[in-house]
A.B. asks: 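One structure, pasted below without further comment.
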Amino acid sequence: MKISFISAKKQSENNLIKNELSNVNNWIKNELSNVNSKLINLDSKVNTLDNKVNTLDNKVNSLENKIETKFTLIDHDLNEIKIILKSLQKNRN
């Protein structure tokens, strides 16, 4: 009788330990799932930011090209004005 009581007590302790381990295991799985979801969300946000940075970079490049074109046109116009002024000065003399 004493042996069966000890055996039953050990079995009960083993079951408690198994339940606790199962609870901890489930908690860890749940936490890992939450972390994974947050990582996926962060990855999506990083991709969105990356796309926005690329868009801004493209806009900056476009503006640089437009400014360069404007300066080229202004430079050309200034050269034409210089030529006209030289011609006017020659005609004046």
A.B. asks: Check residues 76-85 and write down every donor-acceptor pair under 3.5 Å in which the side-chain atom is one partner and the other belongs to a residue at least two apart or another chain.
C.D. replies:
unit_1	atom_1	unit_2	atom_2	d
His76	ND1	Glu80	OE2	3.3
His76	NE2	Glu80	OE2	3.3
Asn79	ND2	Asp75	O	3.4

A.B. asks: For residues 39-54, dump all side-chain donor-acceptor pairs below 3.5 Å to protein atoms at least two apart in sequence or in another chain.
C.D. replies:
unit_1	atom_1	unit_2	atom_2	d
Asn47	ND2	Asp43	O	3.4
Thr48	OG1	Ser44	O	3.0
Asn51	ND2	Asn47	O	3.3
Asn54	ND2	Asp50	O	3.4

A.B. asks: Taking distance alone, no hydrogens or angles, what donor-acceptor pairs closer than 3.5 Å link side-chain atoms of residues 20-34 to residues at least two apart or in another chain?
C.D. replies:
unit_1	atom_1	unit_2	atom_2	d
Asn23	ND2	Asn19	O	3.4
Asn26	ND2	Ser22	O	3.3

A.B. asks: If you count the non-hydrogen atoms of other residues, nucleotides and ligands that lie under 6.0 Å from CD in Glu68, is the total more than 12?
C.D. replies: no

A.B. asks: Distance check, rounded to the nearest 0.5 Å: Lys86 atom NZ versus Gln89 atom CD?
C.D. replies: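 The CD atom of Gln89 is 9.0 Å from NZ of Lys86, to the nearest 0.5 Å.
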
A.B. asks: How many angstroms lie between CD in Gln11 and NZ in Lys18, if you round to the nearest 0.5 Å?
C.D. replies: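 Interatomic distance, Gln11 CD to Lys18 NZ, rounded to 0.5 Å: 6.5 Å.
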
